[in-house]
Asker: 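Please see the structure below; I have some questions.
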Amino acid sequence: EFRRVLFRSDNKRNVALSSPKLPDQKNDLVSVVEADGVVSIDWQRAYLKDVKLMAKKIDNTGSKPNERINITDNQFTGQGRIWLHSCDTPVIAKNTFEFTGAKPLDEPAIEVLHSPLAEIKGNHVRGGFFIGINVNYQSDSVLIGNTIEKCKFGINGGYGIPNTMIRKCIVRGCETGIKLEGGSGVLEDIAVEGATTAFHIQNSNLQLTNFHRSEERRVGKECRSRW
């Protein structure tokens, strides 16, 4: 069940979607919004509580009419999160994700798979997510200006992520700051604070510029990785 609430004109949020508790319900449940091809998702300035977006096979290049995947300036709370698969050029920008539950979630706040040219910019993730931002099996991903706090992993990428750009991101209070496997690309102006492992790379060829780390115990690297 969704509850839709229109905000007053002087409020920043246009609409709210929540997953309210049912009678005698003890635990919070997640409501899922599913989309599969030939769909336009243009969420802007919305408030979403315990709502998970699961979208796949959406083209955001403009070449296909009535297809769009643009998620901008929204506020996700509770177990709210995003999962995208096989979307072309998706945009996830300026959103906030905050989870304050007693038990950690076993999923990322933002997970993007098989989605080339993904733009993930200016998001703020905070709380007990397993991963703040996760990108796998895709090329030319751009992660710029994101802040991740208090997750197990800050930024995670693997299984083939060529031409990845990660710039001006802050990872704070995560067990592992950034973990990349099977990737190539550029990391610039990165700050990792309070991590057990600031940076772990494996089978990767990356150019690092201005990688700042503090209070971490070690920096891990394996196999044919180049700093």
Asker: For Ser115, check side-chain hydrogen bond (donor to acceptor under 3.5 Å, both in side chains) against everything at least two apart and list the hits.
Answerer: none

Asker: Please walk me through it: do Val112 and Ser141 pass side chain to side chain contact (heavy atoms under 4.5 Å, CB included)?
Answerer: CA-CA 10 Å; Val112 184; Ser141 300; over 6 Å; no

Asker: Please round to the nearest 0.5 Å and tell me the distance separating atom OG1 of Thr89 and atom CG of Asn60.
Answerer: 6.5 Å

Asker: Measure across Gly177 and Ala195 and return the closest heavy-atom pair with its distance rounded to 0.1 Å.
Answerer: N-CB, 4.0 Å

Asker: As an exercise, state the distance from CD1 of Ile148 to SG of Cys169, rounded to the nearest 0.5 Å.
Answerer: 5.5 Å

Asker: Applying the 4.5 Å side-chain criterion to the ILVMFWY set and letting contacts propagate, would Leu208 and Ile201 be lumped into a single cluster?
Answerer: yes

Asker: Does anything in residues 143-198 pair up under ring pair (Phe, Tyr, Trp, His ring centres under 6.0 Å), and if so which pairs, sequence neighbours excluded?
Answerer: Phe130-Phe153, Tyr137-Tyr159

Asker: Taking all atoms of both residues into account, what is the closest heavy-atom pair of Val125 and Cys151, and its distance?
Answerer: CG1-SG, 3.9 Å

Asker: Atom NZ in Lys168, atom CG in Asn146: separation rounded to 0.5 Å?
Answerer: 12.5 Å

Asker: Measure the shortest side-chain to side-chain distance between Ile41 and Val33 over non-hydrogen atoms and say whether it is less than 4.5 angstrom.
Answerer: no

Asker: Determine the minimum heavy-atom distance between Gly182 and Ser204, stating which atoms define it.
Answerer: N-OG, 3.3 Å

Asker: Could you pull out all residues at least two apart from Asn156 that satisfy side-chain hydrogen bond (donor to acceptor under 3.5 Å, both in side chains)?
Answerer: Asn134

Asker: To which residues is Val186 joined in a hydrophobic cluster, defined by side-chain heavy-atom contacts under 4.5 Å among Ile, Leu, Val, Met, Phe, Trp and Tyr, whether direct or through other members?
Answerer: none

Asker: Please enumerate all residues that pass ring-ring contact (aromatic ring centres under 6.0 Å, His included) together with His85, with sequence neighbours excluded.
Answerer: Trp83, His114

Asker: Do Ile155 and Ile166 have side-chain heavy atoms sitting under 4.5 Å apart?
Answerer: yes

Asker: Counting only N and O atoms by type, is there a donor-acceptor contact under 3.5 Å from the side chain of Asp50 to the main-chain atoms of Val30?
Answerer: no

Asker: State plainly whether one hydrophobic cluster holds both Ile144 and Ile120, where clusters connect Ile, Leu, Val, Met, Phe, Trp and Tyr through side-chain heavy atoms under 4.5 angstrom apart.
Answerer: no

Asker: State, without any angle test, whether His124 and Glu149 hold a side-chain donor-acceptor pair at a distance under 3.5 Å.
Answerer: yes

Asker: What residues, two or more places apart in sequence or in another chain, satisfy salt bridge (charged side-chain N to carboxylate O under 4.0 Å, His left out) together with Glu181?
Answerer: Lys179

Asker: Look at the side-chain heavy atoms of Ile, Leu, Val, Met, Phe, Trp and Tyr, link any pair under 4.5 Å apart, and say whether Val39 and Ile71 land in one connected group.
Answerer: yes

Asker: Using modelled atom types only, decide if a donor and an acceptor are shared between the side chain of Ser139 and the backbone of Ile161 within a distance under 3.5 Å.
Answerer: no

Asker: Would you compute the distance between atom NE2 of His200 and atom CG of Leu180 and round it to the nearest 0.5 angstrom?
Answerer: 9.0 Å

Asker: List for me each residue that meets side-chain hydrogen bond (donor to acceptor under 3.5 Å, both in side chains) alongside Asn70, sequence neighbours excluded, and say none if there are none.
Answerer: Asp42, Thr72

Asker: Kindly give the heavy-atom pair with the smallest separation between Pro116 and Pro90, and that separation in Å.
Answerer: O-CD, 3.9 Å

Asker: Membership question, hydrophobic clusters at under 4.5 Å side-chain separation (ILVMFWY): are Ile178 and Ile131 in the same one?
Answerer: no

Asker: Any side-chain heavy atom of Ile110 within less than 4.5 Å of one from Asn95?
Answerer: no

Asker: Please report the shortest heavy-atom distance between Ala46 and Asn74, naming the atom on each side.
Answerer: N-OD1, 2.8 Å

Asker: Can you name the salt bridge (charged side-chain N to carboxylate O under 4.0 Å, His left out) partners of Lys121, sequence neighbours left out?
Answerer: Glu119

Asker: Mark yes or no for whether Asn66, through its side chain, and Val38, through its backbone, hold a donor-acceptor pair below 3.5 Å.
Answerer: no

Asker: With sequence neighbours left out, write down each residue that passes side-chain hydrogen bond (donor to acceptor under 3.5 Å, both in side chains) with Thr77, or none if nothing qualifies.
Answerer: Tyr47

Asker: With side chains defined as the heavy atoms from C-beta onward, is the minimum distance between Asp73 and Gln44 less than 4.5 Å?
Answerer: no

Asker: What distance separates Arg126 CZ from Glu98 CD, expressed to the nearest 0.5 Å?
Answerer: 6.0 Å

Asker: Taking transitive links into account, so neighbours of neighbours count too, which hydrophobic residues share a cluster with Val91 at under 4.5 Å side-chain distance?
Answerer: none

Asker: For a 4.5 angstrom cut-off between non-hydrogen side-chain atoms, does Phe199 reach Leu206?
Answerer: yes

Asker: Please determine whether side chain to side chain contact (heavy atoms under 4.5 Å, CB included) holds for the pair Ile133 and Ile92, giving the CA-CA distance in whole Å, both sets of side-chain angles, and the decisive distance to 0.1 Å.
Answerer: CA-CA 11 Å; Ile133 299 175; Ile92 304 172; over 6 Å; no

Asker: Working to the nearest 0.5 angstrom, can you tell me the gap between Lys49 NZ and Ser31 OG?
Answerer: 11.5 Å

Asker: Applying side chain to side chain contact (heavy atoms under 4.5 Å, CB included), run through Arg81 and Leu105 and close with a yes or a no.
Answerer: CA-CA 10 Å; Arg81 51 196 187 271; Leu105 289 176; 4.2 Å; yes

Asker: Please list every donor-acceptor pair under 3.5 Å in which a side-chain atom of residues 52-59 meets a protein atom from a residue at least two apart or in another chain.
Answerer:
| residue | atom | partner | partner atom | Å |
| --- | --- | --- | --- | --- |
| Lys52 | NZ | Glu107 | OE1 | 2.8 |
| Asp59 | OD1 | Thr61 | N | 2.8 |
| Asp59 | OD1 | Thr61 | OG1 | 2.5 |
| Asp59 | OD2 | Ser63 | OG | 3.3 |

Asker: Quick one: which residue pairs count as a ring pair (Phe, Tyr, Trp, His ring centres under 6.0 Å) with a foot in residues 52-77, not counting sequence neighbours?
Answerer: Phe76-Phe97

